[in-house]
Protein chains: 2
Amino acid sequence: MTHTPTEENYIKEIYHLQLVHGEVTTNSLATAMKTRPASVTDMLKKLRSKRVVHYQRYKGFSLTASGTRTALSIVRKHRLWEYFLVNKLGFDWHKVHEVAEELEHVKCEELVTRLDEYLGKPAFDPHGDPIPNHKGQLKKIRQEPISSFLPKQTGMVQSVKNQSPEILYLLLHFGIGIGSKLKVIRKFDFDGSIEIKIDKQPPFILSYQVAQNIFCTK
Amino acid sequence: MTHTPTEENYIKEIYHLQLVHGEVTTNSLATAMKTRPASVTDMLKKLRSKRVVHYQRYKGFSLTASGTRTALSIVRKHRLWEYFLVNKLGFDWHKVHEVAEELEHVKCEELVTRLDEYLGKPAFDPHGDPIPNHKGQLKKIRQEPISSFLPKQTGMVQSVKNQSPEILYLLLHFGIGIGSKLKVIRKFDFDGSIEIKIDKQPPFILSYQVAQNIFCTK
DNA sequence: AAATAAATTTAGACAAACCTAAAAAATAAT
DNA sequence: ATTATTTTTTAGGTTTGTCTAAATTTATTT
Ligand SMILES: [Mn+2]
Ligand SMILES: [Mn+2]
Ligand SMILES: [Mn+2]
Ligand SMILES: [Mn+2]
């Protein structure tokens, strides 16, 4: 079964919303897709006819097994391209999502296979998100937000939850990236902000909003 | 001015037809685009309103200066991606056109610049066609079809005119690629076929149809 | 159990890119 | 100079993905 770029974007978004919130609704999908609920309903009928979603009017919807496989293959392409853009072309990590949003729709199995090989079959994208392998399998890593770490504890950055260009750009300027080792110096109860130290850099303060989004392993 | 992928494909095709035949007509463009003359007329009105073509009904059309610049930038992207697919990902040269046909529409100036840098600012694509530089300038090479060479003359392959996957695949199997040194052994007047020798390979015969399409420098 | 509010779907339209069939203009042939 | 042929354009429709406004169903309050 072949899908239009628009269908693929819907499929990917349904997958993400299911993963993050456990469920999707017409409204939440409309918000995520920056479109109207009526348009979502139209698309759901189309995706149902293509066996991508289970859907009964007024009763909700979810990806079928085959729809999930499709979603994973799109996510795979998206993240492989992001990896390419950052690690081969030297893009900053906050500029690649938008471009990968287009590249992910290029239709060519051989391209995905060769790109994967060329990149060395990476398991994580530049934002620390797992890249599904050719079978759709994901590597999982136990990780906690740095905001939950205690003073004197050290964590290694594994991923960033909120991936807006704004927060990624901020982290770039703090010198924080995937793999950075962060030591918690102290926490300020008043606003939840945290003082952080990176080796060979002066300590600095992260707001709670930012710290919540930096996921680390101990 | 921003264009849809469809508009871009029309612009590129108008450019090619103008280059190869000196002119374009509604019918020739319809054939090239695998669509109907009526659809071409619709698109011409749209492209005129976007100042891409000069167009008067029943009087013909041609690219404006700005339309030509746009065409060159699409050709540039197409050929850079082809170069990438062959020289970085290891694709065979007869499989890349179709994929580049999609990649060329990805909208990101920085991507083109970085890709160009990454590839070493190549001047020719895998089929020997010139890649416009960032200013839209093309390198030209004096070249003749190997069918016009005389016995005992040697030529170096610079480009292939007909670029259907079929002829490219055939050449691949003969071991002929850009840069190959071909020595003409003899020519058969009956059908125009030519006996060719490549160093360290047994001689072989090329049909006139094929020989006509292999362009070489002396 | 009604009434109200929220979520979802339907109805009807629109723009892009395509189509077929018919009309109009340009070109070629007599 | 007509007539015939070819080329191009218009007229009117279709499909995809979008929209707004109205109707319907479900969920929440009272
Ligand atoms: Mn996308
Ligand atoms: Mn990512
Ligand atoms: Mn194209
Ligand atoms: Mn080429």
Side-chain angles (χ1 to χ4, degrees), chain A residues 1-15 17-18 21-63 67 70-71 74 101-102 104-107, chain B residues 1-15 17-18 21-63 67 70-71 74 101-102 104-107:
Chain A
M1 186 90 282
T2 177
H3 301 287
T4 65
T6 307
E7 285 167 9
E8 290 190 342
N9 287 335
Y10 269 96
I11 294 168
K12 191 155 58 85
E13 198 55 53
I14 296 171
Y15 173 82
L17 291 174
Q18 281 187 354
H21 299 108
E23 54 150 29
V24 216
T25 63
T26 303
N27 270 342
S28 68
L29 185 51
T31 306
M33 295 298 297
K34 296 194 172 117
T35 184
R36 297 301 181 156
S39 308
V40 168
T41 301
D42 287 346
M43 183 55 77
L44 286 174
K45 289 178 190 163
K46 196 174 165 207
L47 293 179
R48 177 179 53 192
S49 80
K50 289 187 157 195
R51 320 262 149 190
V52 170
V53 294
H54 297 293
Y55 166 58
Q56 280 187 284
R57 54 184 219 155
Y58 293 113
K59 296 290 163 71
F61 57 94
S62 62
L63 288 176
T70 302
I74 305 164
E101 206 48 57
E102 291 188 53
E104 70 190 358
H105 304 294
V106 175
K107 296 258 170 322
Chain B
M1 185 90 285
T2 176
H3 301 286
T4 66
T6 307
E7 286 167 10
E8 291 190 343
N9 287 334
Y10 269 96
I11 293 168
K12 192 154 58 82
E13 198 55 53
I14 296 171
Y15 172 82
L17 291 173
Q18 281 189 171
H21 299 109
E23 54 150 28
V24 217
T25 63
T26 304
N27 271 342
S28 67
L29 185 51
T31 305
M33 294 299 295
K34 295 191 172 126
T35 184
R36 297 300 181 156
S39 306
V40 169
T41 301
D42 286 347
M43 183 56 77
L44 286 174
K45 289 178 190 165
K46 197 176 164 203
L47 293 179
R48 177 180 52 192
S49 80
K50 289 186 156 195
R51 321 262 150 192
V52 170
V53 293
H54 297 293
Y55 166 59
Q56 280 186 286
R57 53 183 221 156
Y58 293 113
K59 297 288 163 71
F61 57 93
S62 62
L63 289 176
T70 303
I74 305 165
E101 207 47 57
E102 292 189 53
E104 70 190 359
H105 304 294
V106 175
K107 296 258 170 323

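These values consider heavy atoms only, across backbone and side chains, with no hydrogens, waters or symmetry-generated copies. Fair warning: this is a prediction, and the values are worked out from it, not measured in the lab. Proteins come first, then strands; the chains are lettered A, B, ... in the order of their sequence lines, and each starts at number 1.
Interatomic distance, CZ of B:R48 versus CZ of B:R57, reported as 9.5 Å (0.5 Å rounding). Between atom NZ of residue A:K12 and atom CD1 of residue A:I74 there is a gap of 7.5 Å, rounded to the nearest 0.5 Å. Within the model, atoms OG of B:S62 and CG of B:L17 stand 13.0 Å from one another, a figure rounded to the nearest 0.5 Å.
For the side chain to side chain contact (heavy atoms under 4.5 Å, CB included) test, residues two or more places apart in sequence or in another chain that qualify with A:S39 are A:Y10, A:T35, A:R36.
Backbone-only contact: A:T6 has heavy atoms under 4.0 Å from sugar-phosphate atoms and none from a base. At the heavy-atom level, B:F61 lies nowhere under 4.0 Å from the strands shown.
Remark: B:K34 does not engage B:E13 in a salt bridge, criterion side-chain N to carboxylate O under 4.0 Å.
Summarising the geometry, the separation between CD on A:E23 and P on D:dA27 is reported as 12 Å, rounded to the nearest angstrom. Distance, B:M43 CE to C:dC19 C1': 14 Å, rounded to whole Å. A straight line from NZ of A:K50 to P of D:dT15 spans 15 Å, rounded to a whole angstrom.
Between A:N9 and A:M33 there is a side-chain heavy-atom pair separated by less than 4.5 Å.
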**Complete:** Nucleotide by nucleotide, nucleotides 4-12 of chain C touches protein heavy atoms under 4.0 Å in the pattern (B base, S sugar-phosphate only, - none) ---SBBB--
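At least one side-chain nitrogen or oxygen of B:S39 sits closer than 4.0 Å to the OP1 or OP2 atom of C:dC19. The phosphate of C:dC19 (OP1 or OP2) has a side-chain N or O of B:T35 nearer than 4.0 angstrom. For the pair A:R36 and D:dT18, the criterion of a side-chain N or O lying under 4.0 Å from OP1 or OP2 is not met.
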